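I have placed the structure first, in the form of structure tokens, so that the comments after it can refer back to it.
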Amino acid sequence: MRPTNIAALLFLGCFSAGAVAEWRLNLKPGISEISRSVFDLHMLIFYICVAIAVVVFGVMLWSIIYHRKSQGAKAHQFHESTSIEILWTLIPFLILIAMAFPASSTLIAMYDTRDGELTVQITGYQWKWRYQYVGEDVDYFSVLATPAEQISNQQPKGENYLLEVDKPLVLPANRKVRFLLTSNDVIHSWWLPALAVKKDAIPGFINEAWAEPQQPGIYRGQCAELCGKDHGFMPIVVEVLAEAEFDQWLAGAKAAKADAADAIQQAWTLEALLAKGEAVYRVQCAGCHQLGGTGISGAFPALKDSPLILNDREGHIQIVLKGKPGTAMQAFGIQLTPVDLAAVITYERNAWGNDSGELVSPQEIQALLQP
Amino acid sequence: MINSGSNPMVTVRRLIVLALLMFGFGFALAPLYDVFCRVTGLNGKVTRNGALTEAVAVDSTRQIRVQLIAVNNEGMPWTFGPEAGDLLVHPGEQRLTHYLARNPTSELMVARAVPSVAPSEAAQYVHKINCFCFESQSLAALASQQMPLVLMIDPQLPQHIRTITLSYTLFDITPEPRQPDAAAARRIAL
Amino acid sequence: MRWVLTTNHKDIGSLYLIFSLVMFLTGGCMALVIRAELFQPGLQLVRPEFFNQMTTMHGLIMVFGAVMPAFVGLANWMIPMMVGAPDMALPRMNNWSFWILPFAFSMMLSTLFMQGGAPNFGWTFYAPLSTTYAPPSVTYFIFAVHMMGISSIMGAINIIATILNLRAPGMSMMKLPLFVWTWLITAFLLIAVMPVLAGVVTMMLMDIHFGTSFFDAAGGGDPVLFQHVFWFFGHPEVYIMILPAFGIVSQIIPTFARKRLFGYVSMVYATSSIAVLSFIVWAHHMFTVGLPLAGELFFMFSTMLIAVPTGVKVFNWVATMFRGSMTFETPMLFSIAFVVLFTIGGLSGLMLAIAPADFQYHDTYFVVAHFHYVLVPGAVFAIMAGAYYWLPKWTGHYYHETLGKVHFWLSFVGVNLTFFPMHFIGLAGMPRRIPDYALQFADFNMVASVGAFLFGFSQLLFVYNVIRCVRGGDRADARVWEAAEGLEWTLPSPAPYHSFSESPDCDMPMQPGGR
């Protein structure tokens with residue numbers, strides 16, 4: 001093992017030295033007190049492990065070099081020593097006890113969810129996140145924004161490939177935020193490394209976590225629990241804003257609801273709906289039904305030339321609003337605004353040669369959703 | 001330990017019994033887990049239900065914030081939510097509140113609401129004197145219902161807990177052949 | 001027909017070993033599909049649905065098809081010879097417990113061709129992804145798990161009965177070779193936890209087909225209960241896959257250090273305490289599910305405690321090498337690599353035990369790196385070491401030493417190239433079980449893929465070396481290795497079809513000789 005092992009280490013060493021800026025080899029300290037203490041804990045245990053490894057492998061390497069038969073070494077026939085055996089049981093035990101103190105105190109702090117100034121309910125869906133600001137009437141879905149062409153290698157990949165969403169979770173800096181996590185279908189896990197928060201979202205149950213981000217900026221994470229086909233495609237993006245900006249944003253988000261209500265009443269042209277519909281389709285639908293509306297045979301039905309779309313206008317609208325139980329088709333009625341719903345349905349009824357020429361108006365959708 | 005040279009069939013019989021016992025133990029873990037949850041509040045599921053057996057003094061020196069939350073599980077089209085999202089209650093006080101449910105479809109549907117409490121430590125201190133949880137609720141097409149909930153926070157609640165979140169997740173348990181067509185046919189009324 | 005009806009422990013041992021080699025190569029091909037897809041960011045070769053089927057089947061096949069049968073095969077071959085028994089205690093049951101396996105795995109592999117595809121929910125098959133949301137093939141998966149569970153339990157019963165009842169006169173428990181000791185403890189673990197696995201898949205079956213709701217919140221069940229029951233099986237299962245490896249290495253290192261094993265008694269106690277502790281640490285796989293603080297602390301402390309007996313074992317191996325007279329034949333190379341790389345895996349395991357830090361490691365490639373370090377250069381290297389060590393005894397021929405060493409070095413470099421960078425990408429934030437990843441993880445994934453192909457293809461050298469050794473090669477005498485100690489080396493090489501027709505005398509001095 002000797003020469004090659006060292007060569008392998010050197011080889012890896014050169015790699016990491018060459019591109020430190022690009023490559024990350026380690027955790028980051030993160031942006032909250034908790035995440036920094038987790039980072040310190042990680043480094044402490046890492047150095048302890050390195051020290052143990054150096055001692056153990058050092059003795060081993062020494063024996064391998066000097067106690068080989070080809071060097072004329074004669075075997076010494078000792079084979080037990082109670083005192084040394086007790087010693088090397090006790091020393092690791094003491095090291096572990098020393099480790100247990102900082103680990104426990106960090107853990108206890110992580111479990112202190114008291115006195116959150118803001119509560120965000122996070123719900124996992126296959127395969128997107130829903131953020132509800134409890135008591136604030138702000139509620140939206142956050143979906144992967146990377147275009148399908150980048151994933152299928154038809155376009156160069158962007159800087160935040162697979163780590164970008166349409167609407168990030170917005171949090172205030174320096175306020176304690178309490179997260180309530182649950183799921184709509186299977187188990188997901190919400191993970192933001194910068195806050196050292198990873199908690200499972202379990203259907204039927206709520207879990208708690210908290211964070212107090214201290215540094216404005218954009219931070220990225222991913223779903224950490226296998227949740228089906230697009231587990232790798234449901235990133236988490238958090239935008240931390242300074243307190244004043246956050247309050248502004250929250251007020252704006254509430255006002256946007258009123259604007260959305262106005263938009264429903266507006267008169268929409270076919271062209272405007274189609275343009276909007278294509279954008280919505282790319283984000284919400286193309287993952288399964290594909291950009292060309294061809295679907296995937298055996299798994300996701302084609303929308304192009306679909307008998308349902310061509311012959312059953314009402315059925316088409318219903319399936320988009322209500323989903324199809326037992327399949328991956330979700331009820332989009334609660335996920336999108338009436339305008340987006342109308343736009344995407346109109347788009348599906350007119351794209352890829354489905355040319356029905358028909359327009360489904362936001363008012364019609366609105367009437368269906370709130371009869 | 002059995003000595004070498006003795007009959008292996010004795011050993012084998014004992015081991016088979018052990019394997020069968022462990023198979024039973026696997027199943028026993030399900031009720032054991034429920035008992036464990038009741039004692040520790042592990043999954044925040046097991047709260048105390050039913051009428052109180054004795055009067056509890058109201059502790060007006062403390063105020064607990066109770067957040068009520070509603071979650072619709074997959075494919076559940078009802079509108080469902082608490083009439084008031086935030087309650088301030090004194091421990092020992094019995095408080096009546098409601099969840100509102102509406103079935104917007106054109107068919108009768110049956111649902112079940114499953115409660116969960118966070119922090120899970122608080123679960124065993126939440127008494128639900130009257131509750132719609134775990135029972136199946138059926139709603140006719142386009143019908144609405146107020147579902148009453150009377151709850152009381154036990155004065156024994158540890159001092160450090162100041163906020164309790166109670167969530168209900170609504171599951172669709174309408175008995176039906178799970179054929180896609182039948183489900184798709186159940187449409188939002190026009 | 002000889003091979004179908006055989007009740008001979010050597011024949012059945014060979015069947016187990018051949019079966020596990022076939023499964024190792026099958027599961028390896030699936031790993032190469034995974035690594036090929038992950039060679040570059042973007043989706044190139046497979047779709048995410050199929051990728052998930054590959055990760056699931058790779059895990060199941062390697063755990064239940066490759067590592068466990070390989071250990072049972074080695075046990076079948078060696079335990080009767082080591083304790084001085086004529087054969088296993090229950091030869092006919094031995095035959096059944098093997099022949100169930102090919103059927104179980106044919107059923108498992110056939111799901112790949114079914115409507116909806118093979119199981120795609122990970123080898124840990126968490127509910128409700130594996131119940132309400134599973135493909136129809138899950139029922140076949142459940143039956144396959146039942147069958148391999150029955151096979152393992154029968155195998156374990158047989159091994160315990162052999163060790164407890166068929167030892168030669170004078171072979172007391174504290175004279176048993178460590179391989180026998182570790183297998184005895186492993187067999188008890190198997191009997192304790194395989195029924196629990198059977199129980200959990202039965203509960204799944206009932207949830208899917210008979211309307212119960214053990215794991216379905218809608219009916220008052222709890223998906224987290226699944227994880228508790230699964231890991232109650234799963235963590236002892238991890239030790240089932242590593243304890244026999246400890247035993248093999250404890251046989252090999254003294255032979256090539258020409259020195260008795262240091263601390264035999266403490267080895268036995270350490271193995272037993274690892275086995276006992278394995279029943280009270282399961283929830284460290286579930287630190288993020290929202291356990292109460294007290295539970296989190298308990299499982300963190302109990303998990304850290306496992307480092308103590310494991311450390312004792314590593315120190316004992318090092319002390320055995322210290323001041324020995326070492327030579328470095330292929331089995332010894334694999335054993336030394338085992339000690340080094342298993343220790344690395346153990347240390348990263350210690351890091352994972354720290355609950356607050358685990359929130360950052362959990363379900364990332366750091367975990368993938370950790371358990372592959374324990375299982376590939378751990379369990380698999382030990383199996384390779386054992387195979388090279390005992391091949392001359394089985395076949396009567398030495399394997400090709402140079403080829404063996406080349407195989408070792410290629411495997412060693414390949415394993416480290418594959419799994420070492422995974423520590424880095426895990427810490428940098430890459431979750432496991434994803435078919436495509438962000439650009440910052442690209443370089444190390446490429447290195448890992450190159451290493452995986454190197455490791456994968458170098459196993460063909462092993463296959464060739466084994467076949468060559470079965471066909472011929474330098475003749476080996478009874479002792480085989482210069483300093484080999486134990487009853488098995490008193491039998492001629494190749495070992496006769498019936499091991500000991502008369503009970504051997506265990507106090508008989510060993511004959512000098514051999515290589």
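From a predicted model like this one, the values you see are computed outputs, not experimental measurements. Residue numbering restarts at 1 for every chain, and letters A, B, ... go by the order of the sequence lines.
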Measure distances from F171(B) to the heavy atoms of chain A and classify the residue's part below 4.5 Å as side chain, backbone, both or neither.
side chain
Interface check, chain B: of G204(A), G333(A), A331(A), most non-hydrogen pairs under 4.5 Å belong to G204(A)
Please report the closest heavy-atom contact between I206(A) and S116(B), naming both atoms and the distance.
N-OG, 3.0 Å
For chain B, which candidate among L180(A), I317(A), D185(A) shows the most heavy-atom pairs at distances under 4.5 Å?
L180(A)
Can you measure from CZ (R162(B)) to OG1 (T113(A)) and round to the nearest 0.5 angstrom?
10.5 Å
Counting heavy-atom pairs under 4.5 Å to chain A, which of D86(B), T165(B), T169(B) comes out on top?
T165(B)
Distance from M76(B) atom CE to N184(A) atom CG, nearest 0.5 Å?
12.0 Å
By side chain to side chain contact (heavy atoms under 4.5 Å, CB included), which residues pair with D137(A), not counting sequence neighbours?
K257(A)
Side chain, backbone, both or neither: which part of L170(B) has a non-hydrogen atom closer than 4.5 Å to chain A?
neither
Counting only heavy atoms closer than 4.5 Å, note whether T119(A) contacts chain B via side chain, backbone, both or neither.
side chain
Minimum-distance pair of heavy atoms, taken over all atoms of Q121(A) and A70(B)
NE2-O, 4.3 Å
Over all heavy atoms of both residues, which pair between A118(B) and R178(A) is shortest? Give the atoms and the distance, please.
O-NH2, 4.4 Å
Can you see which heavy atom on S183(A) is nearest to which on N73(B), and at what distance?
O-OD1, 3.9 Å
Are there more than 12 heavy atoms of other residues, nucleotides or ligands under 6.0 Å from atom CD of E358(A)?
yes
